[in-house]
Each structure stands twice: as structure tokens, then as C-alpha cells.
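Below is one structure; the comments refer to it alone.
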Amino acid sequence: PDLRSGSTQKWWVIPPSTVYAFAFYIFQQLNAWPTNGEVDYSAKIAQLSPYLTPSCQDFLNRDYEFRKNSGELKDRVRVVYEIPRRGYSDSSVDILSDDRWVVRLDLVADEYYHAEKVKRALVRYPLKVVRWEGDPARNPFGLALDCYDSTPQQLEAMPLPEPEKKSGVFQ
């Protein structure tokens, strides 16, 4: 805000941009598996538990077990990031009440098995966010992810990048 002319905002209202930034940050951290998804995913769920509702934490733990048992996590590295030019806008957040929101994140999900890229997907993740009062030392945002509002939707196909070829030599 431009503070030269002052600003009025009710102290209990959380701006939609803040809700979006919270959802993006926590979801991105949850999906950052730097070395091995079999270890990293469960560790992230535990580490981020102050920012997850109990039902969301239960859902994620069941998702972890399913993926682990189907062999989707071993030696997987994963990263998610915003699709360029599809970050926050007024239409990214639905305000359901002073305490509940639905945030739509348009993200790229890249996965690697060892050093080989095995997946790139553009996905819209509809996430529920709720006001979450509790221990401000463990959760200073006062918000929590309540997992998905509906099934994530693949946006469009995005091919894996081809190596550049110059003068008959790969760069």
C-alpha cells in the first residue's frame, strides 16, 4: 500500500494476496524433495505439520504411503514452481468467509529419477486455506492448508526440453 495517504483495513481481515503467498510457499515446500522422495516427502509433512490441518496431514500421510508402496518415491527428486505469468491475481483466491479461502495455484511440477527428468506437468492445484489460531511460535501466519478443494487439473502438455544442438555438437 501507498502509506503516504494512509490505509484503512480491518485488523482481522487477511488480504487475499497474503493467503495466496502462504498457500504457495507451504505447498512449494511440501513438494520440494531435494534428494529422495521416499525420505524427503514424509520429512516435509512432519516439518510443515504446524501449517497443515489434522485432516490434511492425515491425507498427505496416506498419499505418502500409497506413493511409497507403488514405487513412485524412491530416488525421486521433485520441485514445483509457478508457471511464468500465472502468479497471483484477483481471480486466484476465492474468499469463502473471513476464515476460509480457496487458492488456485498454477504450477509446473518437475520430477527426476536420479539425474533423468521423468515428468513435467502443468497443474492447477485448488487448495483450501483456513485461519488456524494456535501457537504463534510454530505458525506465525495463523493459517493452515486444508489440502485440496477439488481434484488438481492438468492444464496443458509441456514437453521435456530437448538438448540444444549447435554445429553438430550438443551443448
Test item: [X] and [Y] side chains (from C-beta on) under 4.5 Å apart, heavy atoms:
X	Y	result
D146	W132	no
R78	P34	no
L127	V102	no
Y64	I45	yes
L105	R124	no

Would you please test E38 and K68 for salt bridge (charged side-chain N to carboxylate O under 4.0 Å, His left out) and show each step? CA-CA 6 Å; E38 197 169 76; K68 180 180 149 194; 5.9 Å; no

Shared hydrophobic cluster for [X] and [Y] (ILVMFWY, side-chain gaps under 4.5 Å):
X	Y	result
F141	V19	yes
Y148	V130	no
Y41	Y25	yes
L73	V77	no
Y112	V123	no

So, K44 and D40, do they make that salt bridge, N to O below 4.0 Å?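 No salt bridge links K44 with D40.
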
Ion pair present between D110 and K117, side-chain N to carboxylate O less than 4.0 angstrom?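 Answer for the salt bridge query: yes.
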
Measuring from atom [atom1] of [X] to atom [atom2] of [Y], what distance do you get when rounded to the nearest 0.5 angstrom?
X	Y	atom1	atom2	answer
D75	N36	CG	CG	5.0 Å
T151	D149	OG1	CG	10.0 Å
Y51	I26	OH	CD1	6.0 Å
Y88	R104	OH	CZ	11.0 Å
Y113	K74	OH	NZ	7.5 Å
L155	L107	CG	CG	9.0 Å

Working for side chain to side chain contact (heavy atoms under 4.5 Å, CB included), residues V103 and F24: CA-CA 9 Å; V103 176; F24 175 60; over 6 Å; no

What do you reckon, is [atom1] of [X] surrounded by more than 12 foreign heavy atoms closer than 6.0 Å?
X	atom1	result
R62	CZ	yes
D90	CG	no
R67	CZ	yes

Could you list the residues that satisfy ring-ring contact (aromatic ring centres under 6.0 Å, His included) with F27, not counting sequence neighbours? Y125

I'd like to know if the side chain of [X] and the backbone of [Y] have a donor-acceptor N/O pair within less than 3.5 Å.
X	Y	result
S70	F66	yes
N69	E65	yes
E116	H114	no
W33	L30	yes
Q28	V80	yes
N61	Q57	yes

Minimum heavy-atom separation for [X] and [Y], please, with both atom names.
X	Y	value
P16	I95	CG-CD1, 3.8 Å
R131	L143	CA-CD2, 4.1 Å
S49	R138	OG-NH2, 3.9 Å
L52	C56	CD2-SG, 4.2 Å
R76	E72	CG-O, 3.0 Å
S92	G87	OG-O, 3.6 Å

What verdict does the side chain to side chain contact (heavy atoms under 4.5 Å, CB included) test give for R120 and V108, after you've listed the backbone C-alpha separation in whole Å, the side-chain angles of each residue and the deciding distance to 0.1 Å? CA-CA 7 Å; R120 170 167 281 174; V108 178; 3.9 Å; yes

Go through L145 and K128 one step at a time and tell me if the side chain to side chain contact (heavy atoms under 4.5 Å, CB included) criterion holds. CA-CA 6 Å; L145 282 185; K128 293 186 287 185; over 6 Å; no

Side chain to side chain contact (heavy atoms under 4.5 Å, CB included) between L48 and Q29: does it pass, once the steps are laid out? CA-CA 8 Å; L48 296 169; Q29 291 303 304; 3.9 Å; yes

